[in-house]
Amino acid sequence: MSNKPSHGSPPHPSDTSRRDSGLGGMFCLPDPTAATPPVSSLVRQRRKVLALGVGCAALLAVLATIALVAGEIAMSVPTGLSAAFGIGDAGDVYVVQQFRAPRLVAGIVAGAGLALAGAILQRLFRNPLASPDVMGVTGGASLGVVLILAFGASQVLIPFGALLGGVFAGVLLILLGSRAGLPVARLVLVGLAVQAGLAAAVNLFVVRFPKELASSATQWTVGSLYGRTWPEVQGAALASAVVLVLVFVQYRTLATLDLGDESAGALGITVSRARIRLLMTAVVLAALAAAVAGPISFVALAVPQLVRMLVGAPTAASLFVTGLLGATLLVGCDLVAQHLSPVNVPVGIVTATVGAPWLLILMLRESSPAHRRTA
């Protein structure tokens, strides 16, 4: 019997994967034959998304309040909130507005950016392990910062170095994938190799640094919100807001790509260009997050998967909630790093401590026979 699909029936996934090449072969496609969920299921999913979004917003508000009032100079909630708006004692206003508020906003911007970048990459690559810290973006950001420090440039240029380094890593990944025409599994391995190579370069520079620079570089490459200033935070926040608008403008394209190459092409989308645009959007978003907070790990990896587990298939609303949960998680981890750890540690250590077990659980889940049968 011939394996050729009958007229009008969708191609078998294996046939689609064999036809993909170059950038088209970089991504694993979902099954276009999946049935549309019933209306009742959609209503339940929307309620779940709304409940999760409201819960994250409420928790973020509580954590933000704690971030503004807690510290060596403790304040009451009314005092801290008033100081955030420039009302009250001059000393309280200075502490809140110049030290605590920039750190809080940096955590929100970086957490949301990392989570959204991870969600886009995982959806494009159809792989739960695809994230900026796995695919080399944060490694490139680290290398950019270390090069700024190595050449003695002003530390004002550190965010620009991180941004350029992250974009360089993304371009390198695109070039390697398009040149070799690698399937998705191999491309993720290429991303791991890129990340490892960039990390090795960073370590080489740090070892060669004078002691006073090595300490600063090491702290930054772990990921930290300490010492953020308004010029750094405002620049990253404004640029991230612009990129976030581009994310949601392109959401319909992202959803259309889920239908498969042939269907997306029939709807007028140039598939390879659309994927490159979405990939670079995610890369820039992650690089901006790294520019303000350093290469913080596991937020981009864990948050999108957690949202999917809680609310189901991705939608535009769940993408927004993903950013909100990422911001909540990073602000919460930073509070743990500041106030609940035995010593004041960078927030990247806390996220790595939380994320390492999650990565292990995710890998065991992906490799389980039951999951492979249902995938």
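The backbone N or O of Leu324 sits less than 3.5 Å from a side-chain atom of Thr328, completing a donor-acceptor pair. Remark: side-chain polar atoms of Arg228 are paired, donor with acceptor, to backbone N or O of Ser224 under 3.5 angstrom. Proximity of a side-chain donor or acceptor of Glu232 to a complementary backbone N or O of Pro159 within less than 3.5 Å is not detected. In terms of modelled atom types and a separation under 3.5 Å, the side chain of Ser297 and the main chain of Asp133 share no donor-acceptor contact.
One hydrophobic cluster, built from ILVMFWY side chains closer than 4.5 Å, cannot hold both Leu60 and Leu310; they sit in different ones. No continuous path of hydrophobic side-chain contacts links Ile66 to Val105 [ILVMFWY only; heavy atoms under 4.5 Å]. Both Val194 and Leu163 are assigned to one and the same hydrophobic cluster, defined by single-linkage of ILVMFWY side chains at heavy-atom distances under 4.5 Å. Phe160 and Val146 fall within a single hydrophobic cluster, where Ile, Leu, Val, Met, Phe, Trp and Tyr are joined by side-chain heavy atoms under 4.5 Å apart, directly or via other members. The same ILVMFWY cluster, assembled from side-chain heavy atoms under 4.5 Å apart, contains both Phe151 and Val202.
Gln45 places a side-chain heavy atom less than 4.5 Å from the side chain of Leu42. With contacts defined as side-chain heavy-atom distances shorter than 4.5 Å, the pair Met280/Val171 qualifies. Residues Gln195 and Met135 are not in side-chain contact: their nearest non-hydrogen atoms beyond the backbone lie 4.5 Å or more apart. Contact check for Asp92 versus Met75: side-chain heavy atoms found under the 4.5 Å cut-off. Side-chain atoms of Ile87 and Val93, non-hydrogen and from C-beta on, never get closer than 4.5 Å to each other. Residues Ile158 and Leu149 meet the side-chain proximity criterion, which asks for heavy atoms closer than 4.5 Å. You'll find the side chain of Phe125 reaches within 4.5 Å of the side chain of Leu279, heavy atoms only. With a 4.5 Å cut-off on side-chain heavy atoms, Trp230 and Gln98 count as touching.
Once rounded to the nearest 0.5 Å, the distance linking CG of Leu306 with CG of Leu329 reads 8.5 Å. Expressed to the nearest 0.5 Å, how far CE of Met309 lies from CD of Gln305 amounts to 8.5 Å. Put simply, CD1 on Ile276 and CG on Leu124 are 11.0 Å apart, with the number rounded to the nearest 0.5 Å. Between the CZ atom in Phe320 and the CG atom in Leu244 there is a gap of 9.5 Å [rounded to 0.5 Å]. With values rounded to the nearest 0.5 angstrom, Arg123 atom CZ is found 4.0 Å from Leu254 atom CG. Residue Leu285 holds its CG atom at 10.0 Å from CG of Leu246, rounded to the nearest 0.5 Å.
Side-chain contact of Thr253 with Thr256: a donor-acceptor pair under 3.5 Å is absent, judged by distance alone. Under the 3.5 Å distance criterion, with hydrogens and angles disregarded, a donor-acceptor pair is assigned to the side chains of Gln250 and Thr281.
Nearest heavy-atom pair across Ala287 and Val137 is N-CG1, 4.3 Å. Closest approach of Ala162 and Ala291 over heavy atoms only: CB-CA, 3.5 Å. Of all heavy-atom pairs between Ala130 and Gln122, the closest is O-CG, 2.9 Å. Here the closest non-hydrogen pair linking Val109 and Ser240 is CG1-OG, 3.7 Å. The minimum heavy-atom distance linking Val292 with Ala236 is given by the pair CB-CB, 4.0 Å. Across Gly118 and Pro304, no two heavy atoms sit closer than the pair C-CG, 3.7 Å.
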side-chain contact (heavy atoms from CB on, under 4.5 Å) between Leu330 and Val347, intermediate numbers included: CA-CA 8 Å; Leu330 188 54; Val347 66; 3.9 Å; yes

Stepwise side-chain contact (heavy atoms from CB on, under 4.5 Å) check, Asp334 with Arg103: CA-CA 9 Å; Asp334 190 45; Arg103 183 167 186 162; 2.9 Å; yes

Pair Phe298-Val303, side-chain contact (heavy atoms from CB on, under 4.5 Å): steps then yes or no: CA-CA 8 Å; Phe298 291 109; Val303 172; over 6 Å; no

Derivation and outcome, side-chain contact (heavy atoms from CB on, under 4.5 Å), residues Leu340 and Leu335: CA-CA 7 Å; Leu340 298 182; Leu335 288 176; over 6 Å; no

Worked verdict on Ser82 versus Thr79 for side-chain hydrogen bond (donor to acceptor under 3.5 Å, both in side chains): CA-CA 5 Å; Ser82 298; Thr79 300; over 6 Å; no

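The ring-ring contact (aromatic ring centres under 6.0 Å, His included) test applied to Tyr94 returns Phe99, not counting sequence neighbours.
Hydrophobic cluster of Val54: the remaining members, joined at side-chain heavy-atom separations below 4.5 Å, are Leu50, listed by chain and number.
Annotation: Leu192, atom CG; neighbour count of heavy atoms from other residues, nucleotides and ligands within 6.0 Å is above 12. At most 12 heavy atoms of other shown residues, nucleotides or ligands fall within 6.0 angstrom of atom OH in Tyr226.
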